[in-house]
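Here is how names work: the chains are called A, B, and so on, in the same order as the sequence lines, proteins then strands, and each is numbered from 1.
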2 protein chains.
Amino acid sequence: MAAVKASSTIQENKHYALGLCPVTYTMEKIGGYWKPIILYHLSSGSKRYSELKRAIPAITEKMLIQHLRQMEADGLVLRESRPVVPPYVTYRLSQAGQGLKPVIRAMTAWAGKERAGEFGKKKK
Amino acid sequence: MAAVKASSTIQENKHYALGLCPVTYTMEKIGGYWKPIILYHLSSGSKRYSELKRAIPAITEKMLIQHLRQMEADGLVLRESRPVVPPYVTYRLSQAGQGLKPVIRAMTAWAGKERAGEFGKKKK
DNA sequence: ACAAGTACTTACCCTAAAGTATGTATCATG
DNA sequence: CATGATACATACTTTAGGGTAAGTACTTGT
């Protein structure tokens with residue numbers, strides 16, 4: 001019945017939606033668990049790789065570097081390395097990355113409000 | 001070396017981070033691919049289930065209902081069903097859900113700005 | 001000579017999220 | 001009496017994201 005082909009993945013539809021839904025577009029860039037968190041830590045200024053590592057203890061190095069690279073490729077963060085011998089690499093928000101600050105700020109604000117509300121309510 | 005047990009997942013650390021990082025908290029609630037998209041469509045007002053389905057053609061029914069349920073449980077959306085015979089169910093943002101509008105709006109604004117910029121630049 | 005610190009890289013594995021494909025109940029309509 | 005619409009449910013499979021662990025290169029400190 002339904003003339004739905006098994007071979008055509010929904011990924012194609014997603015691509016289609018990408019062109020229409022601005023939120024989808026944004027999620028393609030900052031979606032995933034870690035990216036917003038990294039952006040949050042970079043929103044207060046440029047940080048060294050090791051600083052980020054310490055700021056986000058739960059992240060693995062693989063994830064950290066992977067997402068930094070991805071966001072660098074997406075033009076959200078800028079990487080600067082100084083060719084000194086204990087390597088010195090810093091990351092900071094690009095122009096586009098700075099533009100995400102309102103998103104991060106809105107998230108922070110919402111979390112604050114929600115968490116505050118939780119204390120006013122009973123657990124169950 | 002680190003006495004890290006293979007059995008103890010990093011989820012515990014995540015839980016720890018949850019208490020500290022407001023962005024993490026927010027991502028726990030609206031993270032994932034579809035939730036922000038659904039919220040975006042609900043931000044313009046209450047919608048029927050089938051309206052949402054049509055508004056987001058790429059989503060599967062399983063994902064749609066699953067995330068609606070999750071967000072209902074999280075107190076972000078409200079479900080209202082009328083016991084008529086072609087079922088009539090509507091979803092809308094709760095008070096807390098309304099509070100996410102700035103986040104959605106910021107995402108929308110950013111996407112608009114970025115996409116506009118793409119036309120000004122050359123492909124490569 | 002060896003540990004420690006920096007900024008990564010790589011191979012392998014595992015699970016949770018997402019997708020596919022059906023099925024259900026109810027009524028209206030042709 | 002079969003079809004279509006509505007609002008789901010559910011079993012099964014796939015995939016991609018994330019986690020573990022270990023290694024690399026270079027230099028300073030002891």
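Listed pair B:His67 / C:dA17 fails the phosphate criterion, with no side-chain N or O lying under 4.0 Å from OP1 or OP2. Proximity of B:Arg48 to the phosphate of D:dC8: no side-chain N or O atom is located under 4.0 Å from OP1 or OP2. For B:Tyr88 and C:dC27, the shortest distance from a side-chain N or O to OP1 or OP2 is not below 4.0 Å. Contact annotation: B:Arg54 reaches the phosphate of D:dT6 (side-chain N/O to OP1 or OP2, under 4.0 Å).
A:Arg82 comes within contact range of no nucleotide atom at all, as no heavy-atom separation falls under 4.0 Å. The residue A:Glu61 sits close to a base: some heavy atom pair falls under 4.0 Å.
In this entry the distance linking CD1 of B:Ile37 with C1' of C:dA18 reads 13 Å, nearest Å. Distance CD1 (A:Ile59) to C1' (D:dT20): 15 Å, rounded to an integer number of Å. When rounded to the nearest whole Å, the span between CD of B:Gln70 and C1' of D:dA9 equals 17 Å. Rounded to whole Å, atom C1' of C:dA7 lies 18 Å from atom NZ of A:Lys47. Rounded to whole Å, atom P of D:dA9 lies 11 Å from atom CG of B:Leu68. We find that CG of B:Leu52 is positioned 10 Å from P of D:dA7, with the value rounded to whole Å. The CD-C1' distance, from B:Glu80 to D:dA7, rounds to 16 Å in whole Å. Look at OH on A:Tyr91: it is 14 Å from P on C:dT6, rounded to the nearest Å.
The side chain of B:Ile65 sits closest to D:dA9 out of D:dA9, C:dC8, C:dA18. The side chain of B:Trp34 lies closest to C:dA18 when the candidates are C:dA18, D:dC8, C:dT20. Taking only side-chain atoms of B:Arg69, from C-beta outward, the nucleotide of C:dA7, D:dC8, C:dG19 with the closest atom is D:dC8. Between D:dC8, C:dC8, C:dA18, one nucleotide has an atom nearer to the side chain of A:Val89 than all others, and that is C:dC8. Residue A:Tyr49 places its side chain closer to C:dC8 than to any other of C:dC8, C:dA11, D:dA7. In the set C:dT20, C:dA7, D:dC8, the nucleotide with an atom closest to the side chain of A:Pro87 is C:dA7.
For the residue pair A:Lys47 / A:Ser44, a side-chain donor-acceptor distance below 3.5 Å is found, with atom types taken as modelled. With no hydrogens or angles considered, no side-chain donor-acceptor pair links B:Tyr91 and B:Glu80 at under 3.5 Å.
Rounding to the nearest 0.5 Å places CG of A:Leu68 at 6.0 Å from CG of A:Leu52. Between atom CD1 of residue B:Ile38 and atom NE2 of residue B:His67 there is a gap of 6.5 Å, rounded to the nearest 0.5 Å.
Toward the 5' end of DNA chain C, the nearer of the two residues A:Lys62 and A:Val85, judged by each one's closest nucleotide, is A:Val85. Of the two residues contacting DNA chain D, namely A:Pro86 and A:Met63, the nearest-nucleotide position lying further toward the 5' end is that of A:Met63.
Closest of all the heavy-atom pairs between B:Met27 and A:Gly32 is CE-O, 3.6 Å.
In this structure a side-chain-to-backbone donor-acceptor pair under 3.5 Å is present from A:Thr26 to B:Met107.
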